[in-house]
There are 2 protein chains.
Amino acid sequence: MPDVPALTDRPGFLLSQLGHHAADRFAERLRPLGLRPRHFGLLSHLAAADGRTQQQLADAMGLHRNQMVALLDDLEARGLVERRRHPDDRRAHAVFLTETARELLPRAQRAADEHDADLVRALDAQERRQLIDLLQRLGEDAGLTAGVHPTLTAAPRATR
Amino acid sequence: MPDVPALTDRPGFLLSQLGHHAADRFAERLRPLGLRPRHFGLLSHLAAADGRTQQQLADAMGLHRNQMVALLDDLEARGLVERRRHPDDRRAHAVFLTETARELLPRAQRAADEHDADLVRALDAQERRQLIDLLQRLGEDAGLTAGVHPTLTAAPRATR
DNA sequence: TATTGTTATACTCTATAACTATA
DNA sequence: TATAGTTATAGAGTATAACAATA
């Protein structure tokens with residue numbers, strides 16, 4: 001054991017290195033579908049529950065409402081979401097998936113499945129479960145909100 | 001098991017989420033020392049082998065020589081590195097750590113140690129070894145270069 | 001002609017503030 | 001007075017090209 005651990009033996013470096021790699025590869029996999037990872041996240045949220053306001057969606061994904069505007073503009077331009085009038089609040093929009101999105105979503109999910117399978121292909125089934133278990137526990141211990149990606153989370157500049 | 005795996009069960013998402021978190025936290029730990037993660041990486045490289053050229057250092061870290069200029073400017077302004085004339089090539093600089101850097105480096109390494117310890121504090125000793133082993137194998141299988149962080153690696157725009 | 005270090009430029013991202021229409 | 005959505009702006013970060021000195 002050396003005095004100074006090499007980066008290769010540091011869990012922090014390994015996580016950061018692999019995590020960045022995983023994000024890059026996932027972005028590549030989604031690109032042919034005209035989507036970015038954050039679009040996939042938003043579509044997934046909408047698939048789980050249609051009709052929420054932009055603010056609610058932004059809260060759920062941990063990003064600022066200003067960024068949600070641009071995200072929805074992208075998806076609306078591609079005909080994947082619709083902004084409808086909110087029944088109870090005339091300031092708000094109710095956001096819905098389109099039929100096109102419901103056709104596209106399974107393809108995006110398949111891309112995510114393939115991405116995951118590719119990432120862990122060097123591990124056997126038990127090791128995969130182990131990896132997921134360890135990562136989930138680290139995330140919980142670190143106080144990360146399940147399913148919320150830190151890239152999107154707006155934080156005061158001085159704090160970062 | 002649901003039809004569509006939640007993000008929380010996807011190794012790709014977990015790695016990306018935790019990796020980003022780890023990078024953020026490490027940056028926070030280094031900030032009091034006036035360093036950013038990439039500075040730590042460069043100082044570590046220099047601690048292992050002084051006197052290399054900027055191009056060699058850039059290659060070792062996987063970044064473009066243009067970025068190495070700014071990185072060295074930072075560290076030189078803080079009195080942590082010296083650009084000396086290269087004995088064999090008058091185009092090149094030979095880069096050396098200063099005494100100040102050699103005093104600072106142990107503190108930075110301690111910060112990295114604490115960062116790592118904090119990240120994995122929820123795991124017992126055996127689980128920590130397991131985690132590191134699994135991550136190393138994933139990295140090797142993915143073809144990642146040991147110790148090279150993808151954030152720094154310059155890639156053609158269309159490819160990313 | 002190629003390479004080292006440097007500088008300048010343009011482009012992408014994102015944080016922040018400010019505006020409007022409603023509540 | 002506060003909130004939902006929107007727009008504009010500025011700042012940080014980074015990729016690319018171009019340059020002078022030297023090989």
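In this text, all values refer to a predicted model and were calculated from it rather than measured experimentally. To find a chain, count down the sequence lines: A is the first, B the second, and so on, and within it residues start at 1.
Proximity of residues 71-81 of chain A to DNA chain C (heavy atom under 4.0 angstrom from any strand atom) is not detected for any residue.
Looking at the side chain of B/Gln67, the nearest of the listed nucleotides D/dA15, C/dT16, D/dA17 is D/dA15. The side chain of B/His64 lies closest to D/dT16 when the candidates are D/dT16, C/dT16, C/dT4. Between D/dT14, D/dA17, D/dT22, one nucleotide has an atom nearer to the side chain of B/Arg90 than all others, and that is D/dT22. The side chain of A/Val69 lies closest to D/dG5, out of D/dG5, C/dA15, C/dT6. Considering only the side chain of A/Thr53, D/dG5 comes nearest among D/dG5, C/dT14, C/dG5.
At distances below 3.5 Å, at least one donor-acceptor pair connects side-chain atoms of A/Gln17 with backbone N or O atoms of B/Val148. Side-chain N or O atoms of B/Arg83 include none that pairs as donor or acceptor with a backbone N or O of B/Val95 at under 3.5 Å. The main-chain N or O of B/Arg10 is never found under 3.5 Å from a side-chain atom of A/Asp116 such that the two would form a donor-acceptor pair.
B/His93 has its NE2 atom 14 Å from the C1' atom of C/dT3, to the nearest Å. Rounded to a whole Å, the CG atom of B/Leu57 is 13 Å from the C1' atom of C/dG5. Between the P atom of D/dG13 and the NE2 atom of B/His149 lies a distance of 16 Å, rounded to the nearest Å. Counting to the nearest Å, the P atom of C/dT3 and the CD atom of B/Gln54 are 17 Å from each other. The CE-P distance, from A/Met68 to D/dT6, rounds to 11 Å in whole Å.
Judged by closest nucleotide on DNA chain C, A/Arg36 is the one of A/Arg65 and A/Arg36 placed further toward the 5' end. Nearer the 5' end of DNA chain D, as judged by each residue's closest nucleotide, is the contact made by A/Val95, out of A/Val95 and B/Asp88.
Under the 3.5 Å distance criterion, with hydrogens and angles disregarded, a donor-acceptor pair is assigned to the side chains of A/Gln54 and A/His93. Remark: the B/Asn66 side chain and the B/His64 side chain contain an N/O donor-acceptor pair separated by less than 3.5 Å. Under the 3.5 Å distance criterion, with hydrogens and angles disregarded, a donor-acceptor pair is assigned to the side chains of B/Gln55 and B/Asp59. When only modelled atom types and interatomic distance are considered, B/His149 and A/Ser16 share a side-chain donor-acceptor pair under 3.5 Å.
The six-membered or imidazole ring of B/Phe13 lies away from that of A/Phe26, with a centre-to-centre distance of 6.0 Å or more.
A donor N or O paired with an acceptor N or O is found under 3.5 Å between the base of D/dT16 and the side-chain atoms of B/Asn66. At a cut-off of 3.5 angstrom, the base of C/dT3 holds no donor-acceptor pair with the side chain of B/Asp89. One donor-acceptor pair, N or O on each side, does fall under 3.5 Å between the base of C/dT3 and the side chain of B/Arg91.
Residue B/Gln56 has no polar side-chain atom (N or O) positioned under 4.0 Å from OP1 or OP2 of C/dT4. For C/dT14, the OP1/OP2 oxygens have a side-chain nitrogen or oxygen of A/Arg38 closer than 4.0 Å. Of the side-chain N and O atoms in B/Arg85, none sit less than 4.0 angstrom from OP1 or OP2 of C/dG5. Phosphate proximity of D/dA4 to A/Gln55: present, with a side-chain N or O under 4.0 Å from OP1 or OP2.
The only member of B/Arg25, B/Arg29, B/Arg107 that meets salt bridge (Lys or Arg N to Asp or Glu O under 4.0 Å) when paired with B/Glu114 is B/Arg29.
Residue contacts shown for B/His86 are absent, as no nucleic acid heavy atom lies under 4.0 Å away.
Each end of the helix from C/dT1-D/dA23 to C/dA23-D/dT1 gets its own rotation axis from five pairs of C1' atoms, and the angle between them is 10° to the nearest 10 degrees.
We find that A/Asp133 and A/Arg137 are joined by a salt bridge, their nearest charged nitrogen and carboxylate oxygen being less than 4.0 Å apart.
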